[in-house]
Student: 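Take a look at the following structure, please.
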Amino acid sequence: MKKLTRSDSVEKLGIMENDGPRPTYTLFWEALSGAMVVELVLEEIGASYERRLIDMANGEHLTDNYRTLNPTGQVPALLLPNGDVIGESAAIVLTLGERHPSASLIPSATSAIRPHFLRWLIYLATSPYMTMVQFNHPERFTSISAVHGDLVENAKSRLVSQFEILDGAISGSPYFFQTGFSAVDLYLFMLVNFFPAKSEIFQNCNKLRGLYEAVECRPSTTRIISNHVVT
């Protein structure tokens, strides 16, 4: 059997369907995934891109075509102009921000805020994001269905605590850093947006409420938010 190549997989996933101008980027996405922050960044930098829905409920992320592009089978992934594909939402955010510095979403390497930016971006991606996965998908953590409810409640409690930590770390107004808007604001907006009981968070997190409302009003958000609503 012929081994699938990356170009074979891109074609089979429907990315090369015409001979017209190609968008700069292709985002492999699904609602309620880290693709939201990637799409927000793509809108903020003004890049041309297309979205390719990966139907995870039907196992499309586990197919040979997709795993040839992204061996982890995770969503989101981003096809770059040179044909490379990268995954991990924080890695994609950093890549896009550094490729499009004029958008000022990522502090420069010499910026005093850079270490703090990296610290909180990685925290968002590894702590509340992963807790959100437990909240929405307890079955990924254990096959014992009898404890799924306990896992959900545990995740909800930890998310509230993590959001309170983030509220205390906000130094700017309305955005996270005093230096102004950054990709951390977009990532944090996504996580709060995923949480179904926002009033429970905002009750004790006034700075986080202000950040959320500020990002919610940005043109980039109003253009894409309907893509990430599950009905």
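Every heavy atom of this structure was used, including side-chain atoms; hydrogens, water molecules and symmetry mates were not.
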Student: So which heavy atom on F195 is nearest to which on V160, and how close?
Tutor: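 It is CZ-CG2, 4.1 Å.
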Student: Is there a donor-acceptor pair under 3.5 Å between the side chain of S104 and the backbone N or O of S182?
Tutor: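 Checked: no pair found.
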Student: Between the side chain of H148 and the main-chain N/O of H137, is any donor-acceptor distance below 3.5 Å?
Tutor: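 Checking the backbone N and O of H137 against the side chain of H148, no donor-acceptor pair under 3.5 Å is found.
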Student: Any idea which heavy atoms bring P138 and L151 closest together, and the distance?
Tutor: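 So the two residues come closest at O-CD1, 3.8 Å.
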Student: Closest heavy-atom contact between L78 and V38?
Tutor: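 Smallest heavy-atom distance, with atoms named: CD1-CG1, 4.5 Å.
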Student: With the side chain counted from C-beta on, respond yes when L211 and L188 share a heavy-atom pair under 4.5 Å apart, and no when they do not.
Tutor: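 With C-beta onward as the side chain, the pair touches.
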Student: Is the H228 ring parallel, tilted or perpendicular to the W29 ring (thresholds 30°, 60°)?
Tutor: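 Correct class here is perpendicular.
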Student: R223 versus E39: any side-chain heavy-atom pair under 4.5 Å?
Tutor: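 No. Closest side-chain heavy atoms not under 4.5 Å.
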Student: How many angstroms lie between atom CG of L27 and atom CZ of R51, to the nearest 0.5 angstrom?
Tutor: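 One gets 8.0 Å once the value is rounded to the nearest 0.5 Å.
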Student: Once side chain to side chain contact (heavy atoms under 4.5 Å, CB included) is applied, do any residues pair with R218, and if so which ones, sequence neighbours excluded?
Tutor: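 Partners of R218 by the side chain to side chain contact (heavy atoms under 4.5 Å, CB included) criterion, ordered by chain and then number, come out as E44, Y175, F181, S220, T221.
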Student: Quick one: does N82's side chain have a donor or acceptor within less than 3.5 Å of a partner on D84's backbone?
Tutor: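 Yes; at least one donor-acceptor contact below 3.5 Å.
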Student: Is I165 atom CD1 crowded by more than 12 heavy atoms from other residues, nucleotides or ligands, each under 6.0 Å away?
Tutor: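 Yes.
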Student: Check P128 against Y123 and note the closest heavy-atom contact, atom names and distance.
Tutor: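 Minimum heavy-atom separation between P128 and Y123: CD-O, 3.2 Å.
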Student: In the structure I gave you, are the side-chain heavy atoms of V93 and L186 within less than 4.5 Å of one another anywhere?
Tutor: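 V93 does not reach L186 side chain to side chain.
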Student: Is S89 close to I92 at the side-chain level, that is, under 4.5 Å between some pair of heavy atoms?
Tutor: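 When only atoms from C-beta onward are counted, S89 and I92 do not touch, as no gap falls below 4.5 Å.
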Student: With a 4.5 Å heavy-atom cut-off, do Y187 and L40 have their side chains touching?
Tutor: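 Result no, sub-4.5 Å side-chain heavy-atom pair not found.
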Student: Is any side-chain heavy atom of F28 closer than 4.5 Å to one of L79?
Tutor: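 In short, these two side chains touch, coming nearer than 4.5 Å.
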Student: Find out whether R99 and Y25 are in side-chain contact, i.e. whether some heavy atom of one side chain is under 4.5 Å from a heavy atom of the other.
Tutor: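 When only atoms from C-beta onward are counted, Y25 and R99 do touch, with a gap below 4.5 Å.
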Student: Quick one: does any side-chain atom of D167 pair with a main-chain N or O of K207 as donor and acceptor, under 3.5 Å?
Tutor: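 Judged by distance alone, yes, a pair lies under 3.5 Å.
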Student: How long is the gap from CG on L159 to CG on N154, to the nearest 0.5 Å?
Tutor: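 L159 atom CG to N154 atom CG measures 9.5 Å (nearest 0.5 Å).
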Student: Quick check: F135 with F194 (ring centres under 6.0 Å apart)?
Tutor: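 So the answer is no for these two rings.
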Student: What closest approach, in Å, do A90 and I122 show between heavy atoms, and which atom pair accounts for it?
Tutor: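 Shortest heavy-atom separation between A90 and I122 comes out as CB-CD1, 4.5 Å.
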Student: Check the pair F117, L94 against side-chain contact (heavy atoms from CB on, under 4.5 Å), reporting the backbone distance first and the verdict last.
Tutor: CA-CA 11 Å; F117 171 88; L94 287 168; 3.9 Å; yes
Student: Who are the side chain to side chain contact (heavy atoms under 4.5 Å, CB included) partners of N204, not counting sequence neighbours?
Tutor: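 Counting only residues at least two positions away or on another chain, N204 forms a side chain to side chain contact (heavy atoms under 4.5 Å, CB included) with E164.
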Student: So which heavy atom on Y66 is nearest to which on Q74, and how close?
Tutor: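 Closest approach of Y66 to Q74, heavy atoms only: OH-O, 2.6 Å.
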Student: Is T222 reaching over with its side chain to a backbone N or O of P219, donor-acceptor style, under 3.5 angstrom?
Tutor: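 Between the backbone of P219 and the side chain of T222 there is a qualifying donor-acceptor contact (under 3.5 Å).
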Student: Other residues, nucleotides and ligands only: do more than 12 of their heavy atoms fall within 6.0 Å of CD on Q134?
Tutor: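 Atom CD in Q134 is crowded, with more than 12 foreign heavy atoms closer than 6.0 Å.
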Student: Can you tell me how far apart CG (L121) and CZ (R114) are? Round to the nearest 0.5 Å.
Tutor: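 One gets 9.5 Å once the value is rounded to the nearest 0.5 Å.
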Student: Output yes when a side-chain donor or acceptor of S33 lies under 3.5 Å from a complementary backbone atom of P76, and no otherwise.
Tutor: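 Such a contact is absent between S33 side chain and P76 backbone.
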Student: Hey, what do you get for CZ (F189) to CD (E213), rounding to the nearest 0.5 Å?
Tutor: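 Separation between the atoms: 10.5 Å.
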Student: Spell out, as yes or no, whether a donor-acceptor pair under 3.5 Å connects the side chain of E30 to the backbone of M56.
Tutor: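 Between the backbone of M56 and the side chain of E30 there is a qualifying donor-acceptor contact (under 3.5 Å).
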Student: I want to check something: taking the side chain as every heavy atom from C-beta on, are F141 and V147 in contact at a cut-off of under 4.5 Å?
Tutor: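 Heavy-atom side-chain distance check fails, nothing below 4.5 Å.
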Student: For the pair T131 (side chain) and S127 (backbone), establish whether a donor and an acceptor sit closer than 3.5 Å, ignoring hydrogens and angles.
Tutor: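 Answer holds: yes.
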Student: Who pairs with I113 by side chain to side chain contact (heavy atoms under 4.5 Å, CB included), at least two apart in sequence or on another chain?
Tutor: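 I113 satisfies side chain to side chain contact (heavy atoms under 4.5 Å, CB included) with P107, S111, H116, F177, T179 only.
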Student: Which value, rounded to the nearest 0.5 Å, describes the distance between E43 atom CD and I45 atom CD1?
Tutor: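 With rounding to 0.5 Å, CD (E43) is 9.5 Å from CD1 (I45).
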Student: Quick check for you: to the nearest 0.5 Å, what is the distance between Q162 atom CD and M130 atom CE?
Tutor: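 Separation between the atoms: 11.0 Å.
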